[in-house]
There are 2 protein chains.
Amino acid sequence: MTGMRGRPRGFDRDAALGAAIELFWRRGYEGTSVSELTEAMGIRPGSLYAAFGDKRALFAEVVDTYGRSPVGAFMAEALAEEPTAFGAFARILREAADIYPDPAHPAGCLTISAATNVAVQDAEVEAFLRELRNANVKVFRERLRVACEGGELPGDADVNALAGYFAAVIQGMSQRARDGATREELAQVARMAMGAWSQCGLTDLEEGGGVR
Amino acid sequence: MTGMRGRPRGFDRDAALGAAIELFWRRGYEGTSVSELTEAMGIRPGSLYAAFGDKRALFAEVVDTYGRSPVGAFMAEALAEEPTAFGAFARILREAADIYPDPAHPAGCLTISAATNVAVQDAEVEAFLRELRNANVKVFRERLRVACEGGELPGDADVNALAGYFAAVIQGMSQRARDGATREELAQVARMAMGAWSQCGLTDLEEGGGVR
DNA sequence: CGACTTCTTGAGCGAGCGTTCTAGAATGAC
DNA sequence: GTCATTCTAGAACGCTCGCTCAAGAAGTCG
């Protein structure tokens, strides 16, 4: 009962997982086939299923591992470390503009890209992805609520709308990065997006005529 | 050489196309199988291939038809009809908040949903979808350029960034609608998004310390 | 040394994919 | 009527999918 018994694994599990991350990041959940995975990971299907379960479980582990990586966790870190909500969201947008187009890895955010995928047949995976999306919005909302209670935002600020707004912008930045937007363009988008901060759902700029 | 020869078509082509639109709108390109299509359209595969070509051609026709429909053309109409760029984009956002969550049809924008799909295996379809996305940004950019030349915007306004910004927000609104966001939430998002207008890439709100 | 356990290999499973084929049915032209 | 043409119905094509299985290889145990 000392060392583990049986034939030892013949490949580096972490390296194989890294290859899976890269592949899922680039091509999404359903866009990546098991045979592509086994080829990229350098193993045979039997080994994949023995080491990771099935494709769904592997994807879940990929998302989890990515979320703990420096690139994947930058939002959570900003929300936790910045003293003000304004500082946190400004930093998130600024860093997203740096990270998303970085050629060192596939463009955009793995989580957002995977979660944005609308072609998912598998109902369980679809629910999983929807949870990923809404979890992000929920975290934003919570941070904004704290800002309201702390007095940084007016007590009647619409945290729902602000959270939805930032989620939308960030997701859009990820997609724009995938479509080839440069770091400079994304930085500008980030700067403009923070312009909404001064509004907080208070100002009413309805104008331009009553079409519809 | 008078009437068309051969056995006449036994189904309503427009109605069948409408069913295909509904299906592609809900489930995306790759999420919709030909057998699902034939069932929803009430025809057999042979009839589908005879009338529409193949799945790709059918999808292209779906996108085109949707783009000419009132719901699909609201952006182009706003850009063409509103005298100011501000009015056009404000109207686009306002109408998107109305249309995207409308339960009369699948949530969000067919074009954006389909184009956002990252799981597309077929390289040609992927290129087609990318073009759809970038065409939108391009149209925005052009309208903003006109606004610069007309004096509505400062001549050195960053039309690239503004166009990318609005594209990102609108895409995010479509996705939020698909995730169940209400008309009210989207209307708030739209209002906030227009707050960026006053900036036009001039203001610099870099602050919050030099983390990163 | 076996006995036991675990991993690897490679073939192959059933199901679904997009698509095509064959037969026959329904029309206009002559 | 007969022919050419066009559509319909249904079976089936080849392919890929995610996944499994049987056999053997490579270790730790006693």
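Below, chains carry the letters A, B, ... as their sequence lines are ordered, and counting in each starts from 1. This one's a predicted model, so the numbers in the text were calculated from it and none came from an experiment.
Relative to the ring axis of Phe128(B), Arg130(B) does not place its NZ or CZ within 45° and under 6.0 Å from the centre. Judged by the 6.0 Å distance and 45° axis criteria, Arg9(A) is positioned over the aromatic ring of Phe11(A). Relative to the six-membered ring of Tyr49(B), Lys55(B) misses at least one condition, a distance below 6.0 Å or an angle of at most 45° to the axis.
Between Glu185(B) and Asn160(A), the side chains place no donor N or O within less than 3.5 Å of an acceptor N or O (distance only, hydrogens not considered).
With respect to Arg13(A) and Glu61(A), a salt bridge is recorded, a charged nitrogen being found less than 4.0 Å from a carboxylate O. In summary, Arg94(B) and Asp98(B) do not engage in a salt bridge, as defined by a charged side-chain N under 4.0 Å from a carboxylate O. With respect to Glu22(A) and Arg26(A), a salt bridge is recorded, a charged nitrogen being found less than 4.0 Å from a carboxylate O.
Following rounding to the nearest Å, Arg5(B) (CZ) and dA25(C) (C1') show an atom-to-atom distance of 17 Å. Rounded to an integer number of Å, the gap from Met4(B) CE to dA29(C) P is 11 Å. Across the protein-nucleic acid pair, Arg9(A) atom CZ and dT28(D) atom P stand 16 Å apart, rounded to whole Å. When rounded to the nearest whole Å, the span between CZ of Phe11(A) and C1' of dT8(C) equals 10 Å. The separation between Tyr29(B) atom OH and dC17(C) atom C1' is 11 Å, rounded to whole Å. Separating the CZ atom of Arg13(B) from the C1' atom of dT6(D) is a distance of 15 Å, rounded to the nearest angstrom. Between the CZ atom of Arg27(A) and the C1' atom of dC17(D) there is a distance of 14 Å, rounded to whole Å.
For CD of Glu149(B), the number of neighbouring non-hydrogen atoms (other residues, nucleotides, ligands) closer than 6.0 Å is greater than 12.
Taking for each of Gly6(A) and Glu36(A) the nucleotide of DNA chain D with the nearest heavy atom, the 5'-most of the two is the partner of Glu36(A). Each of Val34(B) and Pro8(B) was matched to the nucleotide of DNA chain C holding its nearest heavy atom; the match closer to the 5' end belongs to Val34(B).
End-to-end axis angle of the helix from dC1(C)-dG30(D) to dC30(C)-dG1(D), using five pairs per end and rounding to 10°, comes to 10°.
Listed in residue order, the members of residues 41-60 of chain A having a heavy atom less than 4.0 Å from DNA chain C are Arg44(A), Gly46(A), Ser47(A).
At a cut-off of 3.5 angstrom, counting only N and O atoms as typed in the model, there is a donor on one side and an acceptor on the other between the side-chain of Arg7(A) and the base of dA25(D).
Within the structure, every side-chain polar atom (N or O) of Ser35(A) is placed at least 4.0 Å from both OP1 and OP2 of dG18(D).
In this structure, Phe140(A) has its ring center no closer than 6.0 Å to that of Phe166(A).
Heavy atoms of Thr32(B) sit under 4.0 angstrom from primed sugar atoms or phosphate atoms, though from no base atom.
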